[in-house]
Amino acid sequence: MPGNLLQQALEEIQKADTTTALKDVEVKYMGRSGQITELLKTLKDLSPEEKRSKGQEIQTLKTGFTEAYSTRERYLQKAEIDAKLKAEFFDITLNEINPTRSLQAGTIHPLSRMQREVEQLFAEMGFQIADGPEVESEYYNFEALNIPSHHPARDMQDTFFLDHPKDEKHGHLLLRTHTSPVQIRMMEKHGAPLRIIIPGRVFRYEATDATHDSTFNQIEGLFIDKGIGLAQLKGVMNEFLQRFFGESDIKVRFRPGYFPFVEPGIEMDMLWKRGNHSKWLEVVGAGMIHPNVLKAGGLDPDQYQGWAFGFGLTRMAMLKYGIDDIRHLHSNDLRFLNQF
Ligand code: YSA
């Protein structure tokens, strides 16, 4: 009897030509009152020996049904998706031939525009433009920058770690918290002298507010040569800011800052005007590259010196365009973006 039943069920499975029809077959045989389910219910009234042999037969029946069902289900699901895709014909010429629809041209995102502007300005000052990966290793993001695992400075940049096995040499994978790891990559690849900027996105696992986002853009600057000093760094930054903001009365203040990868370190704030109030906003961290960092990059600190900086490009966009909340920049809100 189960043999006939299986035969009959398999035929019905093959005949079902939609996933809905197939579901009906499943209900008929395996549903709460389905034929196979009913057979299973009869087991409880049998003697132990009968239970064993009958139980095995029904189990074979169930397995046969389930396997045939799954195969057919996969086939029908694929066929239905293919048919749907075929039906979704998209006429890309429609906009042009239909005079009632107007084309909406997009604009370049303010952050991309600013990044291009900054690249242009630094290129004019003799800097090359470099790039690095957003998914980094602990080694490049921290260790090589003189931030060993026990160092409290790691907490300054709360990190998104990737769920990925740890590498013996380079540690865990993470989303880079700053563009500084590219400093090491560039030293390793090109040696010295170096004069580059590295724009890019960075990520921090931190609460957001009007001046902090968890994804933001930085511009790293790196100048390595013989006989380099901090005065040139201040000169380049001032020159850049004046050209970028196009006014000579921008208010900046320099103050000492601590980063394990520089010695000494400085930070620079700019005056941020919001209506009648103004407030100092930190826009850049910088300093003379620490000898350990030069060594990690394969350079001899007795021969070469250098300075580096990391601008918060997103914060500079706030200052340049008078944006009162950093989160607007990644909101994808067209009412905001259309203003640029
Ligand atoms: C320092 C010395 C160097 O030799 C080279 C680079 C640096 C900068 C360092 N890598 C760094 O990331 N420092 S920082 O944490 O202070 O960030 C640099 C700038 O990014 C800040 O001055 C600020 O303008 C911006 N920033 C930081 N956290 C931010 C942010 N912008 C938006 N949202 C956040 N959560």
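Order of appearance sets the numbers: ligands from 1, and atoms from 1 within every ligand. For reference, positions follow the sequence shown, starting with 1.
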Test of understanding: given a 4.0 Å heavy-atom threshold, classify the contact between Ala286 and ligand 1 as side chain, backbone, both, or neither.
backbone

From CA spacing to verdict: salt bridge (Lys or Arg N to Asp or Glu O under 4.0 Å), Asp269, Arg253:
CA-CA 5 Å; Asp269 306 326; Arg253 75 172 183 197; 2.7 Å; yes

Suppose we call two aromatic rings close when their centres sit under 6.0 Å apart. Are Phe122 and Phe309 close by that rule?
yes

Ranking Glu282, Met318, His212 by closest non-hydrogen atom to atom 21 (C) of ligand 1, top hit is Glu282

Heavy-atom gap Gln183 to ligand 1 smaller than 4.0 Å:
yes

Which ligand 1 atoms are under 4.0 Å away from a heavy-atom of Gly285?
1 (C), 2 (C), 6 (C), 7 (C), 8 (C)

Would you mind running through ligand 1 and noting each atom that sits below 4.0 Å from a heavy atom of Gly310?
5 (C), 6 (C), 7 (C), 8 (C), 18 (C), 19 (C)

Would you please indicate yes or no on a ring centroid separation below 6.0 angstrom for Phe203 and Phe160?
no

Contact between Val283 and ligand 1, counting heavy atoms under 4.0 Å?
yes

Contact check: Glu220 vs ligand 1, nitrogen or oxygen atoms, below 3.5 angstrom
no

Taking NZ, NE, NH1 and NH2 as the nitrogens, is one of them in Asp82 or Lys86 under 4.0 Å from a carboxylate oxygen of the other?
no

Please could you name the atoms of ligand 1 that Glu206 approaches to less than 4.0 Å, counting only its heavy atoms?
34 (C), 35 (N)

Any atoms of ligand 1 less than 4.0 Å from a non-hydrogen atom of Phe309? List them with their elements.
5 (C), 6 (C)

For Val284, atoms of ligand 1 separated by under 4.0 Å from a heavy atom
22 (O)

Over 12 non-hydrogen atoms of neighbours within 6.0 angstrom of CD in Gln128
no

Hey, can you tell me if His178 and Phe261 have their rings parallel, tilted or perpendicular (30° and 60° cut-offs)?
perpendicular

Examine the proximity of ligand 1 to Thr211 and report which part, side chain or backbone, both or neither, has a heavy atom under 4.0 Å away.
backbone

For the residue pair His328 and Phe336, is the inter-centroid distance of their aromatic rings smaller than 6.0 Å?
yes

Taking 4.0 angstrom as the limit and counting only heavy atoms of Ile326, give me the atoms of ligand 1 inside it, by number and element.
32 (C)

Could you name the option among Leu329, Leu281, Asp213 that has the heavy atom nearest to atom 33 (N) of ligand 1?
Asp213

For the OH atom of Tyr139 and the CG atom of Leu174, what is their distance to the nearest 0.5 Å?
14.0 Å

Please list, in number order, the atoms of ligand 1 under 4.0 Å from a heavy atom of Val262.
2 (C), 3 (C), 4 (O)

Report the distance from atom CD of Glu26 to atom OG1 of Thr19, rounding to the nearest 0.5 Å.
11.5 Å

